[in-house]
Amino acid sequence: SRVARRARAPGTMPELPEVESARALCEAHCLGATVTSVAFLEDGTFDEKIFEGTTAAAFRSALMGKTLVSARRLGKHMWWELGVKQGKHGKKAKPSEKTDASPVFHFGMTGAMSVRGEGAMKYKSFEVDTTSWPPRFAKLVVEFDSGVALAYTDPRRFGKVRLVRGDVRTSPPISQLGFDPLLAMPNADAFVAAYAKRAAPIKAALLDQKIAAGVGNWIADEVLYQARVHPETPAKQLSRAQLERIRTEMGNVVRKSVEANADADAFPEDWLFHRRWGKVVGSVNGSRIEFITVGGRTTAFVPALQKKGKAGDEASEAEAKPAKKKRGAAAPAAPAASAAEDLNQRLKALTTSAPVLLFMKGTKAEPRCGFSRKVVDALAETGADFETFDILEDEEVRQGLKEYSDWPTYPQLYVKGELVGGCDIILEMAADGSLKETLTAA
């Protein structure tokens, strides 16, 4: 689907578990097979934005006739180690030493791998199209002598595919990454030392790929929730016990999500993950979720359980030893709905008030900015019915929707209550025909 659901916040790009699922997919279906065909976009052209620092001819030459010796990963990056088969016995021949060039993949926000007839990677924020072949938005299609065909798709084109010569591990970007929590979690002393002197908030420190490669926004939030640590606490103010809890939970979250093959439906039910999307106020295990911005990233946390500084240790102890209820004591009154809850409920109702709704400056008849006018024209050309909401007439909605959707600019298009995107995405969809398809389905 091209629709950018609210789950597709800036922090929902593929993280370690999703990229590991891509690596496993490649290795399960392509290991030991030899490349017989390399094609690029659906129409055969080469996307220079995605294929960085190489040409179509160079990339094709590096893969053609080569055998997939292994699929490797470090953090959010994956690469193929290729070899050349010796002898004249086809697939039974053993590959020689690795070749000097490896394709290295970074999936950006929407990059994904799929195998013909075998499915694709799973994402929380969008569905990879496997109903046709090559898949829609395919940027690279590789066929092997085993009959297997593999595609790299990327609707939003923020991913990168590079050709790296020599040892991938000693060359950028891989050489610039820190430890991988799945492959090489450091011992407690080394882990504590890596974070103990950092002045940045612990959430921002966890996102530093030079320390821990593969930890992204949702993993960091989950780790801190499970460890009962407030995301704004400066890392250097955390106790050794807190940092050791973070290490333990980082290992647990990564391991469990990888064991689930990055399928969110198989994640533990008590995870914050299931309730953190869209910045809609809610609760997890009976405790209220709040949203703040830490290190420029939307952050979900539970104030009742995640206290700042040393208070976090006290909160963990209090949670482990719940206070006894006095006999005859009245149950505490439920807190009144906050203004933020009221606004979120209003925005939820607004975004679902019409099948297709454009939040814009001005009206359909009189747009009051160039971007809004362009989107109105694009929508009108599809022939689909759509409604508009003038944000200039309601400051509360104008400011609140930016937080609710994690989208900082206007216009914003919603279809069936889900955010599709802003001007650039709408115009791109109009150009490739997917806008009309999306609106018709509504």
Side-chain angles (χ1 to χ4, degrees), residues 1-4 8 13-14 19 22 25-26 29-30 33-66 68 71 77-80 82 99 101-121 123 126-145 147-165 173 374 378 381-382 420-438:
S1 172
R2 190 60 175 273
V3 175
R8 187 188 283 164
M13 63 179 63
V19 181
L25 185 75
C26 293
H29 297 284
C30 308
T34 299
V35 176
T36 58
S37 172
V38 177
F40 298 104
L41 289 182
E42 294 165 274
D43 61 2
T45 58
F46 184 73
D47 192 330
E48 294 181 350
K49 180 180 178 182
I50 287 179
F51 289 87
E52 186 175 86
T54 188
T55 64
F59 194 87
R60 181 179 284 110
S61 176
L63 269 63
M64 283 294 294
K66 309 303 190 303
L68 181 61
H77 289 77
M78 184 190 79
W79 68 95
W80 291 351
L82 302 172
T99 58
S102 296
V104 179
F105 302 86
H106 186 274
F107 293 80
M109 293 184 71
T110 58
M113 293 284 191
S114 57
V115 172
R116 182 171 56 195
E118 298 292 342
M121 300 163 56
Y123 283 94
F126 66 96
E127 181 180 355
V128 180
D129 177 18
T130 57
T131 58
S132 60
W133 196 268
R136 196 172 180 200
F137 306 118
K139 308 302 178 185
L140 173 67
V141 179
V142 180
E143 295 185 2
F144 296 85
D145 61 356
V148 169
L150 179 142
Y152 171 79
T153 56
D154 193 351
R156 298 190 67 182
R157 302 171 66 223
F158 290 121
K160 294 296 180 186
V161 182
R162 301 174 174 91
L163 199 59
V164 175
R165 304 283 178 179
K374 289 178 181 179
E381 287 180 7
T382 68
V420 175
C423 184
D424 289 345
I425 288 178
I426 302 307
L427 296 183
E428 183 180 342
M429 292 175 68
D432 67 19
S434 60
L435 179 61
K436 184 173 183 178
E437 178 183 323
T438 299

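We're numbering straight along the sequence, starting at 1. Nothing here was measured: the structure is a model prediction, and the numbers come from that model.
Of all the heavy atoms in Thr110 and Arg156, the pair that sits closest is OG1-N, 3.1 Å. In plain terms, the two heavy atoms of Ala22 and Met113 that are nearest each other are CB-CG, 4.0 Å. Shown here for Leu82 and Ala62, the closest heavy-atom pair between the two residues is CD1-O, 3.7 Å. The nearest pair of heavy atoms linking Ser114 to Trp133 is O-CH2, 3.7 Å. The heavy-atom pair separating Ser61 from Lys66 by the smallest distance is O-NZ, 3.2 Å. Val19 and Pro14 get closest at one heavy-atom pair: CG2-CB, 4.2 Å.
Judged as a side chain to side chain donor-acceptor pair (under 3.5 Å), and not counting sequence neighbours, Glu48 has no contacts.
Side chains of Pro173 and His106 form no contact here, defined as non-hydrogen atoms less than 4.5 Å apart. The shortest side-chain heavy-atom distance between Ile50 and Lys160 does not fall under the 4.5 Å cut-off. At least one side-chain heavy atom of Leu140 sits under 4.5 Å from a side-chain heavy atom of Phe40. Proximity of Phe144 to His29: side-chain heavy atoms (C-beta onward) are nowhere separated by under 4.5 Å. Side chains of Tyr152 and Val161 form a contact here, defined as non-hydrogen atoms less than 4.5 Å apart. Inter-residue side-chain proximity for Leu150 and Val141 is flagged as unmet; no heavy-atom pair is nearer than 4.5 Å.
Rounding to the nearest 0.5 Å places CG of Leu63 at 9.5 Å from CG of Leu68. With rounding to the nearest 0.5 Å, the separation of OG in Ser37 from CG in Asp145 is 12.0 Å. Note that CD of Glu381 is 9.5 Å distant from CG of Leu435, once rounded to the nearest 0.5 Å. The structure places CH2 of Trp79 at 14.5 Å from CG of Leu163, a figure rounded to the nearest 0.5 Å.
The main-chain N or O of Glu143 is found under 3.5 Å from a side-chain atom of Thr36 such that the two form a donor-acceptor pair. Counting only distance, with no hydrogens or angles, the side chain of Thr45 and the backbone of Leu41 share no donor-acceptor pair below 3.5 Å. For Ser102 (side chain) and Trp80 (main-chain N/O), a donor-acceptor pair under 3.5 Å exists by modelled atom type. Counting only distance, with no hydrogens or angles, the side chain of Asp47 and the backbone of Lys139 share no donor-acceptor pair below 3.5 Å.
Checked for salt-bridge contact, Glu437 and Arg136 meet the test: a charged N lies under 4.0 Å from a carboxylate O.
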List the steps, then state whether side chain to side chain contact (heavy atoms under 4.5 Å, CB included) holds for Phe46 with Thr54.
CA-CA 10 Å; Phe46 184 73; Thr54 188; 4.2 Å; yes

